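Start at 1 and go down the list; that is how both ligands and their atoms are numbered. Bear in mind the structure is a predicted one, so any value in this text is a computation, not a measurement.
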Amino acid sequence: MLNNLILVLNCGSSSLKFSVINPKNKKKYLFGIVERLFLSDTYIKWECYKKKYNKIIGSNISHEDALDFIIDYIFLKKEDIFKRIIGIGHRVVHGGRKIKKSVLIDDKIMNLIEEASIFAPLHNPANLIGIKKIIKKYPLLSKKNVAVFDTSFYQNMSNVSFLYAIPYYFYEKYGIRRYGAHGISHQYVAYEASFLLNKKFNSLNIITCHLGNGASVSAICNGICVDTSMGLTPLEGLVMGTRSGDIDPAIIFFMYKNANMSIDDIEELLTKKSGLLGLSGVSSDFRYLESNYNLNNQIKISVDIFCHRISKYICAYTALMDGRLDAIIFTGGIGENVPFIREIIISKLSLLGFKIDIKLNFSIKHGQHGIVTLNSSRPIFIIPTNEELAISQEAINIINNI
Ligand code: ADP
């Protein structure tokens, strides 16, 4: 058996995802998630060779404790897999001002990831804890840890796209600009689209919509991302599960001055209590919103606003396409699994030559690639995202070049 597997780690603020993948044949050998970190009943579920497992591993469990459990309890019992790991790919949310692409991790890179925490205070510190722990736990592979960033895909955006219209000084001194997020997913589905369209990546003109709990749209022209809906942080842009997306910034001053709210209260409101949850008043979970769309008018309005904003962004991004739009791509939990949302969004794009095929749209099953438009239309594809695979492929490319 070849030693050719990559361990992919995604240490989030309250969860930790792991998988062991062969980046070449795309096979996932083992994968799982630890949820409820730092809460009661921290829970792990994992799958290996199609067998599913789950276990409560304790209370108030930290990322480090969870990694100890994953390696000591799961990996060491699967030595055939464990021994074949040749490197680790870490998802890192923010590369900050200095890190432009995936990179082998050393002390300098860890310092830069820490520096970039100012832009992703919930995520970068957790990513870094995972990196440090795994280097300590796994010294043999300590020089084969690769950081893959959600911001890298946006590094080629021009300053026309990434600057805010505030005094330039704030960009120069504090790095306030649009950095984007979800880049690993947008880049992955864009590569997949180039195969589906039989086009070279550097001549691809597409708009990618990642619609999950977090949601964003990216405009890709000649294989380069030229704009994206998320900004300094993932709060900007589309309506999301609990995030407001675009609002008039004066709403913040209004809340502060008139609603007796502190800056922390407003931050919590806009990031955790707004979006579909705030509008509907009941849930951010699209499964629930979908089944109640025709039963509850407030849910209908919330979902319609969600779709309206996506259609608006898609139309705006066609202006950046250099005269040719090859396709639109939907991905993410909602983009892949909720046909009626695609129908509402696409119904607003007829001026651009997109016509939905209702039967095809409803026929695509969970996890499938597919086209949802009529023969007479420009194509719209569903492409399931696979961020772990993308991270493993970035990691192996870098490790093979050491
Ligand atoms: P994230 O990775 O941003 O946490 P996901 O891409 O997993 O989010 O998407 C989560 C969203 O997708 C949730 O709103 C969830 O309800 C919705 N979703 C996932 N699968 C389905 C499905 N089969 N039907 C309806 N909604 C779904």
Would you check, one step at a time, whether the test salt bridge (charged side-chain N to carboxylate O under 4.0 Å, His left out) holds for Arg324 with Asp326?
CA-CA 6 Å; Arg324 191 192 79 238; Asp326 298 322; 2.8 Å; yes

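Checked by distance only, ligand 1 and His210 stay at 3.5 Å or farther apart across all their nitrogen or oxygen atoms. Not one N or O of His182 is nearer than 3.5 Å to an N or O of ligand 1, by distance alone. At a 3.5 angstrom cut-off on N or O pairs, Lys17 does not count as close to ligand 1. Taking distance alone, with nitrogen or oxygen atoms compared against 3.5 Å, Gly333 approaches ligand 1 more closely than that limit. Taking any N or O of Phe286, backbone or side chain, at least one lies under 3.5 Å from an N or O belonging to ligand 1.
Among Asn213, Ile341, Leu289, the residue whose heavy atom lies nearest to atom 4 (O) of ligand 1 is Asn213. When Asp285, Ile334, Leu211 are checked for heavy-atom proximity to atom 15 (C) of ligand 1, Asp285 turns out nearest.
Of all atoms in ligand 1, numbered sequentially from 1 with element shown, those under 4.0 Å from a heavy atom of Glu290 are 24 (N), 25 (C). Per-residue contacts place Val338 under 4.0 angstrom from the following atoms of ligand 1 (heavy atoms of the residue considered): 25 (C), 26 (N). Close approach of ligand 1 to Ser284 is summarised as follows: ligand atoms under 4.0 Å from at least one heavy atom of the residue are 14 (O).
There is a side-chain donor-acceptor pair under 3.5 Å between Asp246 and Tyr313.
Using a 30° and 60° split on the angle between ring planes, Phe69 and Tyr73 fall in the parallel class, below 30°.
Residue contacts with ligand 1: Gly214 is included, with a non-hydrogen atom under 4.0 Å away.
When side chains are defined from C-beta on, Arg178 does not count as touching Leu232, because their heavy atoms never get closer than 4.5 Å.
Less than 4.0 angstrom separates atom 20 (N) of ligand 1 from at least one non-hydrogen atom of the protein.
For atom 23 (N) of ligand 1, the closest non-hydrogen atom on the protein side is Asn337 CB, 3.5 Å.
For Phe31 and Phe18, the ring centers sit 6.0 Å or farther from each other. You'll find the ring centres of Tyr256 and Phe253 outside the 6.0 Å limit. For His94 and Tyr179, the gap between ring centers is short of 6.0 Å.
For Phe195, the CZ atom counts as loosely surrounded, since its 6.0 Å shell holds 12 or fewer non-hydrogen atoms of other residues, nucleotides or ligands.
Checking Ile105, Val103, Ile113, Val146 one by one against Val92, the side chain to side chain contact (heavy atoms under 4.5 Å, CB included) holds for a single residue, Ile113.
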